[in-house]
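Here's the structure, in structure tokens; my notes come after.
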Amino acid sequence: MFMARNERSARHLRHSTLERRYDFHLGEAIRAALQGSHDKAAGHSGQALLISRELYADAADPGRHQPGLAAALCAHARYGGGTWQAIELLTESAGHYAALAEADPALYEVPRIDVLTRIALASDAAGSTADAISLLREVVGMYLKAPAADADERDLGLARARFHLGRCLLKTGMDSDGLAETEAGLELAGDVLDRMHPQGPGRGWLGQAPRYLQLAAPDWAAAAVRSMTLHAQAGRWPQAAAAARAATGVSAALAELGGDTLRDAHEKISARAAEIRHAAESPSRFRSG
């Protein structure tokens with residue numbers, strides 16, 4: 001009996017250590033990706049996936065570690081390997097999340113839908129943009145009906161899906177629909193940020209934000225840049241200025257996380273945003289395009 005207790009204690013200690021390592025590597029993968037260090041992100045996400053598989057296989061209660069495995073699969077699909085490997089990992093992740101969502105839809109339905117968004121992006125990367133658009137339209141409908149323990153997480157997921165649906169529509173020449181989806185996503189993301197920061201986000205806010213907000217930030221900044229660019233080209237200066245504020249704010253938050261790439265991007269966005277704000281104040285001096 002004494003030996004059995006020692007074995008259980010040693011196993012518990014080992015699992016606790018693995019869980020801490022898993023959290024570290026997954027967090028570092030996200031941080032590295034936000035900073036533009038994709039090779040580093042792939043290394044950390046690969047380690048997180050290996051640890052999560054070990055925990056899932058070795059646990060007396062595998063269900064306890066199933067959410068971690070599902071998240072690690074999705075993360076490594078984002079940062080490591082090519083398109084077809086990503087689809088394979090995402091398909092496995094979706095299977096785990098489907099089982100979890102069946103048991104607890106409020107907690108896991110949104111992460112399940114998030115994986116479908118990633119699958120659509122992988123399809124687009126593989127050249128199947130029409131399939132990506134079709135799936136993203138379905139995903140938007142799913143988010144609108146999804147139960148959620150965290151409404152902000154659901155709304156950010158919906159905003160990201162709209163960002164990517166808009167991007168894919170623009171890519172296929174459907175400019176009006178693409179811009180409308182982008183604008184809907186920007187408005188929704190802005191509403192979430194207002195709820196999370198009633199007095200406005202302070203310096204370093206993104207580093208302290210929930211993980212789902214950190215993951216949404218690069219897509220958010222890119223969507224805002226697309227919106228300000230298209231509105232400016234059409235001479236819609238007030239709309240361009242509104243998008244420029246979002247692009248500047250989110251890119252600044254990303255730049256604060258560190259990395260020359262993010263700082264350079266923010267400087268370029270800020271310079272263009274200043275031009276757009278000036279044009280919005282004196283529209284008669286500027287021509288569209």
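When every heavy atom of Thr182 is checked against every heavy atom of Ala223, the shortest pair comes out as CG2-O, 3.5 Å. Here the closest heavy-atom approach between residue Ala159 and residue Leu188 is recorded as N-CD2, 3.8 Å. Between Cys74 and Arg118, the shortest heavy-atom contact is SG-CG, 3.9 Å. Closest approach of Pro218 and Gln214 over heavy atoms only: CD-O, 3.4 Å. Listed here is the closest heavy atom pair of Ala280 and Ala241: CB-CB, 4.0 Å. Nearest heavy-atom pair, Leu169 versus Gly178, reported as atom, atom and distance to 0.1 Å: CB-CA, 3.6 Å.
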Side chain to side chain contact (heavy atoms under 4.5 Å, CB included) between Arg53 and Leu73, worked out: CA-CA 9 Å; Arg53 286 198 187 281; Leu73 286 161; 3.3 Å; yes
Ring pair (Phe, Tyr, Trp, His ring centres under 6.0 Å) between Tyr56 and His96, worked out: CA-CA 11 Å; Tyr56 183 72; His96 287 293; 5.5 Å; yes
CA sep, side-chain torsions, deciding dist, call: Leu170, Leu230, side chain to side chain contact (heavy atoms under 4.5 Å, CB included): CA-CA 10 Å; Leu170 289 167; Leu230 290 170; 3.8 Å; yes
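Taken together through direct or relayed side-chain contacts under 4.5 Å among Ile, Leu, Val, Met, Phe, Trp and Tyr, Phe163 and Leu121 form parts of separate hydrophobic clusters. Note on Leu107: it does not cluster hydrophobically with Leu26, by side-chain heavy-atom contacts below 4.5 Å among ILVMFWY residues. Follow the hydrophobic side-chain contacts under 4.5 Å out from Tyr79 and you never reach Leu50; the two are in separate clusters. Taken together through direct or relayed side-chain contacts under 4.5 Å among Ile, Leu, Val, Met, Phe, Trp and Tyr, Leu49 and Ile87 form parts of separate hydrophobic clusters. When hydrophobic clusters are built by joining Ile, Leu, Val, Met, Phe, Trp and Tyr residues whose side-chain heavy atoms come closer than 4.5 Å, directly or via intermediates, Trp237 is grouped together with Met228.
Ser45 places a side-chain N or O within donor-acceptor distance of the main-chain N or O of Ala42, the cut-off being under 3.5 Å. Here the side chain of Ser93 pairs no donor or acceptor atom with the backbone of Leu89 at under 3.5 angstrom. Side-chain atoms of Thr172 come within 3.5 Å of backbone N or O of Cys168 as a donor-acceptor pair.
Using modelled atom types and a 3.5 Å distance limit, the side chains of Asp150 and Tyr212 yield a donor-acceptor pair.
Proximity of Leu179 to Ser227: side-chain heavy atoms (C-beta onward) are separated by under 4.5 Å at one or more points. Contact annotation: the side chain of Val192 never approaches that of Trp220 to less than 4.5 Å [non-hydrogen atoms, C-beta and beyond]. Counting only heavy atoms from C-beta outward, the side chains of Arg20 and Asp23 never approach each other to under 4.5 Å. Contact check for Met142 versus Arg112: side-chain heavy atoms found under the 4.5 Å cut-off. Proximity of Leu215 to Asp114: side-chain heavy atoms (C-beta onward) are nowhere separated by under 4.5 Å. Residues Pro210 and Glu153 are not in side-chain contact: their nearest non-hydrogen atoms beyond the backbone lie 4.5 Å or more apart. Contact annotation: the side chain of Leu206 never approaches that of Glu256 to less than 4.5 Å [non-hydrogen atoms, C-beta and beyond]. Two residues are said to be in side-chain contact when any heavy atoms from C-beta on lie closer than 4.5 Å; Ile119 and Leu135 meet this criterion.
Residue Ile269 holds its CD1 atom at 10.5 Å from CD1 of Ile276, rounded to the nearest 0.5 Å. Atom NZ in Lys40 sits 9.0 Å away from atom CZ in Arg31 (nearest 0.5 Å). A distance of 7.5 Å separates CD in Glu54 from CZ in Arg21, rounded to the nearest 0.5 Å. The CD1 atom of Ile113 lies 11.5 Å from the CD atom of Glu138; values are rounded to the nearest 0.5 Å. Once rounded to the nearest 0.5 Å, the distance linking OG of Ser128 with CD1 of Ile133 reads 11.0 Å. Interatomic distance, OG of Ser52 versus CD of Gln66, reported as 11.5 Å (0.5 Å rounding).
Using a cut-off of 4.0 Å between Lys/Arg side-chain N and Asp/Glu carboxylate O, Arg64 and Glu19 are scored as salt-bridged.
When Arg167, Arg160, Arg162 are each tested for a salt bridge (charged side-chain N to carboxylate O under 4.0 Å, His left out) with Asp219, only one passes: Arg160. Of the residues listed (Arg272, Lys268, His266), the one engaging Ser270 in a side-chain contact (heavy atoms from CB on, under 4.5 Å) is His266, and it is the only one.
Annotation for Arg263: atom CZ counts as buried by contact number, over 12 foreign heavy atoms lying within 6.0 Å.
Between Tyr108 and Tyr97, the two ring planes are tilted [angle within 30° to 60°].
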